[in-house]
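Take a look at the structure set out below.
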Amino acid sequence: MTVEAMECVEIFNSAGKGRGLKATKEFWAGDVIFAETAYAAVVFDNLTHSVCHTCFKRQEKLQRCGQCKFAHYCDRTCQKDAWVNHKTECSAIKKLGKAPNENVRLAARITWRIEREGSGLTEGCLVSIDDLENHIDNFQEEEKNGLMDDVQSFLDYWPSQSQHYSMNYISHIFGVISCNGFTLSDQRGLQAVGVGIFPNLCLVNHDCWPNCTVIFNNGNHEAVKSMYHTQMRIELRSLGKINKGDELSVSYIDFLNLTEDRQKQLKKQYYFDCTCEHCTKKIKDDLLLAVTEGDQKPADSLVKEVVQFSKDTMEKIDKARSEGLYHEVVKYCRECLKRQEPVLAETNIYKLRILSISSEVLSYLQMFEEAADNAKKMVDGYLKVYHPHNAQLGMAVMRAGVTHWHAGLIEVGHGMICKAYAILLITHGPSHPITKDLEAMRAQSEMELRMFQQNEFVYYKMREAALSNKPIQIMQEPNKEAQGTIFNKKH
């Protein structure tokens with residue numbers, strides 16, 4: 001990334017928020033405002049053997065570093081790219097005899113880079129690591145204890161021949177990671193696989209209804225010398241028209257929560273009170289709490305009872321999912337949806353949560369017709385609640401479209417895939433692997449739709465034959481998706 005890449009934005013003092021970034025030119029939906037490579041990044045502890053430590057792509061076969069036996073890479077290209085960051089880390093891991101946790105590994109990578117390049121501004125950065133917020137003063141007792149444990153692990157890991165830093169400085173770096181660590185996903189956007197620090201992104205303030213989205217792109221490492229070679233990076237993309245001088249904003253958390261719950265989450269994780277328009281006016285809360293309309297509105301006592309039943313069911317579902325008891329999850333969902341149906345509206349948050357889990361787990365169990373029915377209801381609700389260009393909405397519509405396709409409901413499936421493609425063109429861009437996958441699905445489902453429209457009987461016979469010869473693709477296991485928050489927070 002070059003300094004020129006940051007000419008479209010500038011730092012300014014945002015009223016009530018401190019520093020922020022504003023546009024210095026006009027942007028339209030889908031424009032990349034800036035791209036930024038990671039200052040430092042690491043793979044999560046539980047995925048170090050299945051995710052490349054350079055591009056963060058999940059691969060079945062990875063090459064292991066012959067020295068430390070810890071780092072894994074796609075190939076020699078990724079290993080070579082990693083060496084400047086891995087060289088000192090490699091000997092530190094060998095000396096310690098094991099790799100420390102992801103927080104300590106990331107703090108060490110940041111500190112080694114500061115040792116190499118100095119603590120001032122690096123090329124393309126508008127802010128230095130030293131000037132980022134650490135919020136240590138806001139830490140609760142448990143967080144302070146965790147911080148001290150990490151600092152001690154860092155000191156055990158840090159090589160004696162490297163430059164020494166004060167306890168306060170090391171604590172500052174851990175504080176920066178705690179509130180600014182960005183969650184990295186795999187190349188399909190299905191799983192959170194690591195955490196990185198992107199200083200310029202840290203300057204973009206939160207809004208529950210933002211004008212930008214931030215997307216992780218694993219890059220293309222396949223042809224180093226070709227014009228198509230791109231680095232792993234985040235992209236800040238415009239969701240609509242942005243005028244020169246407008247503040248740029250992203251949502252740090254998933255919008256699909258009541259105002260009160262979003263505010264609590266933001267206060268707990270990021271230590272600020274959100275005063276955006278959607279929070280101040282509680283916009284969409286009426287939809288998220290809506291009950292069925294008709295001749296007779298459900299009694300408040302009945303609504304309260306069904307909401308409590310939904311919350312209790314969610315706890316049972318979480319337990320069953322953690323134990324891999326997916327048929328139990330389906331049973332709980334069916335029971336809960338039956339209770340919700342006459343009482344809660346299609347946009348009610350408790351109904352949407354159960355529909356989401358139900359469609360996901362039913363798809364995983366290949367019970368596609370029931371999954372498709374629930375996915376359709378979920379998408380109908382989401383479209384009324386989410387920003388029309390929300391990345392999570394696009395991903396949800398894509399999954400729902402694929403579920404309908406698997407169920408043989410080609411007309412609705414193709415329509416949803418097209419809708420998802422239109423959203424992801426803006427949120428992810430045409431060259432992102434997810435968008436490319438979706439483009440291929442769109443072409444395939446369009447071809448099948450034409451066949452279906454010409455002769456339904458022949459279409460179903462061909463589909464039946466295809467499925468009997470080729471097992472249907474197993475869906476992603478339900479509890480391993482990328483999380484809804486954009487910043488990684490250790491709980």
Side-chain angles (χ1 to χ4, degrees), residues 1 5-6 8-12 14-24 27-39 125-127 132-133 135 176 179-185 189 192 195-217 233-243 245-257 259 262-263 265-267 269-279 283-284 386-395 423-424 426-429 432 434 482-489:
M1 184 188 64
M6 300 308 298
C8 301
V9 298
E10 66 182 18
I11 301 176
F12 79 116
S14 179
K17 296 179 182 178
R19 287 178 306 189
L21 282 187
K22 66 179 179 182
T24 58
F27 292 102
W28 295 88
D31 284 350
V32 176
I33 296 167
F34 69 77
E36 181 179 14
T37 53
Y39 186 86
C125 280
L126 297 173
V127 62
L132 289 175
E133 293 283 348
H135 290 292
V176 165
C179 52
N180 293 292
F182 179 81
T183 307
L184 310 178
S185 59
V195 56
I197 291 290
F198 298 82
N200 294 332
L201 177 63
C202 299
L203 294 169
V204 182
N205 285 318
H206 165 84
D207 194 296
C208 292
W209 201 258
N211 56 13
C212 298
T213 189
V214 57
I215 294 297
F216 179 63
N217 193 318
R233 64 199 181 278
I234 58 97
E235 292 172 353
L236 187 74
R237 305 181 72 94
S238 173
L239 293 178
K241 173 89 183 301
I242 294 175
N243 294 314
D246 284 355
E247 177 169 9
L248 304 171
S249 59
V250 294
S251 182
Y252 293 177
I253 59 172
D254 185 6
F255 177 74
L256 200 69
N257 281 294
T259 296
R262 285 200 312 272
Q263 287 183 317
Q265 190 182 353
L266 288 163
K267 185 72 172 174
Q269 287 188 230
Y270 306 106
Y271 313 105
F272 70 86
D273 297 303
C274 186
T275 56
C276 77
E277 187 185 13
H278 272 65
C279 282
I283 298 170
K284 304 277 186 178
Y386 272 118
H387 186 292
H389 295 155
N390 181 288
Q392 281 165 283
L393 170 66
M395 294 293 283
I423 297 170
L424 264 61
I426 289 168
T427 61
H428 290 63
H432 196 284
I434 299 171
Q483 59 197 58
T485 54
I486 68 164
F487 290 106
N488 179 68
K489 183 78 177 173

Checklist entry - With side chains defined as the heavy atoms from C-beta onward, is the minimum distance between Y39 and N200 less than 4.5 Å? => result no
- Aromatic rings W209 and H387: how do their planes relate, parallel, tilted or perpendicular, breaks at 30° and 60°? tilted
Closest non-hydrogen atoms of I426 and S238, given as atom of the first, atom of the second and distance, are CG2-O, 3.8 Å
### Message
Students often mix this up, so state it plainly: with edges at 30° and 60°, are the rings of H428 and H432 parallel, tilted or perpendicular?
### Response
perpendicular
**OP:** Flag the pair R19 / S14 as yes when at least one side-chain heavy-atom distance between them is below 4.5 Å, and no otherwise.
**Re:** no
Rounded to the nearest 0.5 angstrom, the SG-CD1 distance for C202 and I197 is 5.5 Å
Contacts of E235 meeting salt bridge (Lys or Arg N to Asp or Glu O under 4.0 Å) (sequence neighbours excluded), chain-then-number -> R233, R237
Side chain to side chain donor-acceptor pair (under 3.5 Å) filter on T213, not counting sequence neighbours, yields none
message = Does D273 form a side chain to side chain contact (heavy atoms under 4.5 Å, CB included) with K267? I'd like the steps, not just the answer.
response = CA-CA 6 Å; D273 297 303; K267 185 72 172 174; 3.4 Å; yes
- Query: For the residue pair F216 and F182, does the interplanar ring angle fall in the parallel (under 30°), tilted (30 to 60°) or perpendicular (over 60°) class?
  - Reply: tilted
Rounded to the nearest 0.5 angstrom, the CD-CD1 distance for E36 and I234 is 5.0 Å
Do N211 and F27 come close enough that some side-chain heavy atom pair is under 4.5 Å?
no
Heavy-atom closest pair (L236 atom, V214 atom, distance to 0.1 Å) is CD1-CB, 4.4 Å
Contacts of R262 meeting salt bridge (Lys or Arg N to Asp or Glu O under 4.0 Å) (sequence neighbours excluded), chain-then-number -> none
**Asked** Going by heavy atoms in the side chains, are C212 and I33 under 4.5 Å from each other?
**Response** yes
Tightest non-hydrogen contact, residues Y252 and H206, listed as N-ND1, 2.9 Å
(message) Is the shortest side-chain heavy-atom distance between E247 and F12 below 4.5 Å?
(response) yes
OG1 of T24 to CG of D246, rounded to nearest 0.5 Å, is 11.5 Å
Separation between OG (S185) and CD1 (I434), nearest 0.5 Å, reads 6.5 Å
All heavy atoms of L239 vs all of H389, minimum pair found to be O-ND1, 2.7 Å
CG (N205) and CG (L21) are apart, to the nearest 0.5 Å, by 8.0 Å
- Item | Heavy-atom side-chain contact between C279 and T259 under 4.5 Å | yes
Practice task
Give a yes or no on whether the backbone of E133 and the side-chain of N180 come within a donor-acceptor separation of less than 3.5 Å.
Solution key: yes
| Derivation of the side chain to side chain contact (heavy atoms under 4.5 Å, CB included) call for V195 and L184 | CA-CA 5 Å; V195 56; L184 310 178; 5.6 Å; no
Note: F255 and I283 closest approach over all heavy atoms is CZ-O, 4.3 Å
For P388 and I423 the tightest heavy-atom approach is O-CG1, 3.7 Å
Between the CD atom in E10 and the CG atom in L248, the distance rounded to the nearest 0.5 Å is 10.5 Å
| Mind checking whether V9 and V204 have side chains closer than 4.5 Å, heavy atoms only? | no
